[in-house]
Protein chains: 2
Amino acid sequence: MTDTRPLRADAARNRKLLLAAAADEFAEHGLDASVADIARRAGVGKGTVFRHFATKDELIAAILIDRMEALSELGERLYESGDAEAALREFLTAAAMQRQERDLSFLAAASASMPEVNRARERMFAAIDRLVDRGRERGAVRDDVTGADVFLLMCAPNYVAGYVPNASPDLWRRYLALILDGLRPEGARPLPEQAPELD
Amino acid sequence: MTDTRPLRADAARNRKLLLAAAADEFAEHGLDASVADIARRAGVGKGTVFRHFATKDELIAAILIDRMEALSELGERLYESGDAEAALREFLTAAAMQRQERDLSFLAAASASMPEVNRARERMFAAIDRLVDRGRERGAVRDDVTGADVFLLMCAPNYVAGYVPNASPDLWRRYLALILDGLRPEGARPLPEQAPELD
DNA sequence: CATTAACCGGACCGTGCGGTCAACTTGCTA
DNA sequence: TAGCAAGTTGACCGCACGGTCCGGTTAATG
């Protein structure tokens, strides 16, 4: 945590293997994926998992932080680009692709209230907020939609597509497009309920 | 199942108590809600649960069937009404309210491939399909949206709102309205990916 | 009111989980 | 290349879960 001595070569490799195996396993079996299965998939012993991540929740948190940091960087980069509408679309597309065509948002519940996760989430939220604000100013996003709305809707395409048994792996694109159409000003009717405050 | 001798009075009462308690418990704790907790909440012993439902999955299936049948009836009744757009909106509103402001769709996974559940699901799907077809004919629904799309999007408002910690219990209405805006023809851009075939 | 089949309850069982630990192996460094 | 801290491993632990079972209880029937 504080002392950042570099990991030994095999340890660093195993850590990456574990994160990848865990993401796959969670995508296939949900939160119930067992640590033993994750270890087997990564080709290591179960003890190794707990050497790297003190608890299962910490492993989940590590996956979440990785992904949210990557999305934050992308969001910040897209803010530099010119096209407000394309930026938002690309951001949401990247968010959906990152989840291996499977909604992984359920992981968030397991590691809520871990400070590092919260920090990563706040950074990502800020990036989204800026993209949405700019989109609203340029007329690409309807007036009554906020960053919090988009933040919440981010996982919906994967969630929806996840209920189709043998779906095309790109089915989520259909529902992302549908939601994006709902976010645009054309044909918008005033939304009920106030937009939620996040934090 | 085949012999439908009426339940004894106490048994019938306990069955209802159990279904209600189970729905509440699942809403609060997800699929991991324990049978013991459900029994406690209903004020009965654990053995009673298994007398009524041979397995936890069967209990889940009973909840699902109850709700899907109710929605099917509503959908069929709304088809008789005149206003195609209002019918669809009311149907989706009722679907969301039934879930006690919480996405319960994860229950579907647990009891997929149970014939009775499938029959109830097919009936509900047919009801939705007719509502959507009519809506499309009358210009209330965009051309490229199918009943399967609406069926899949049905749970999304509760899902989305469920991630807000201390949300207004009606927050789902906001996201339902947003999705409904996306379903209308105004401002629609062609959707990518084919609509999925369900069964 | 007596009889009885249906119902109830909670102690009990096997299983699989997250997490621990002590013996063993291995990458680093001097 | 020797020494050792860091890393690895799988047997093991406690626990909570889904599900069973049987002695006690209760609602229906004549």
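Just so it is clear, the model here is predicted, and its values are computed rather than measured.
If you check the side chains of Q194(B) and S168(A), you find no donor sitting under 3.5 Å from an acceptor. Judged purely by distance below 3.5 Å, without hydrogens or angles, the side chains of S105(A) and Y159(A) never pair a donor atom with an acceptor atom.
Comparing A54(B) and A9(B) along DNA chain D, the residue whose closest nucleotide (by nearest heavy atom) sits nearer the 5' end is A54(B). Residue order along DNA chain D, read from the 5' end via each residue's closest nucleotide, puts T48(A) first among T48(A) and R13(B).
Taking atom NZ of residue K46(B) and atom P of nucleotide dC8(C), one finds them 16 Å apart after rounding to whole Å. D32(A) has its CG atom 13 Å from the P atom of dC17(D), to the nearest Å. Between L7(B) atom CG and dC7(C) atom P there is a gap of 6 Å when expressed in whole angstrom units. If you measure from atom CZ of R8(A) to atom P of dT29(C), you get 11 Å, rounded to the nearest angstrom. Between F50(B) atom CZ and dC17(D) atom C1' the separation is 9 Å, expressed in whole Å. In this structure, the CZ atom of R15(B) is 17 Å from the C1' atom of dC8(C), given to the nearest Å. I38(B) places its CD1 atom 11 Å from the P atom of dC17(D), with the value rounded to the nearest Å. dG19(D) atom P lies 10 Å from atom CG of L59(B), rounded to whole Å.
Remark: the backbone N or O of A11(A) is not paired with any side-chain donor or acceptor of R51(A) at under 3.5 angstrom. Here the side chain of R102(A) pairs a donor or acceptor atom with the backbone of A27(A) at under 3.5 angstrom.
Contacts of A12(B) with the nucleic acid, taken as non-hydrogen atoms under 4.0 Å apart, are absent. A39(A) comes within 4.0 angstrom of no nucleic acid atom, judged by non-hydrogen atoms across all strands. Within 4.0 Å of V44(B), counting heavy atoms only, lie sugar-phosphate atoms of the nucleic acid but no base atom.
Between H52(B) and dC7(C) there is no side-chain N or O to OP1 or OP2 distance below 4.0 Å. Phosphate proximity of dG7(D) to R51(A): present, with a side-chain N or O under 4.0 Å from OP1 or OP2. Side-chain nitrogen and oxygen atoms of K56(A) include at least one within less than 4.0 Å of the OP1 or OP2 phosphate oxygen of dG18(C). Checking the phosphate oxygens (OP1, OP2) of dG7(D), no side-chain nitrogen or oxygen of N14(A) falls inside 4.0 Å.
In the set dG19(D), dG18(C), dT8(D), dT8(D) carries the atom at the smallest distance from any side-chain atom of D10(A).
With respect to R40(B) and D37(B), a salt bridge is recorded, a charged nitrogen being found less than 4.0 Å from a carboxylate O.
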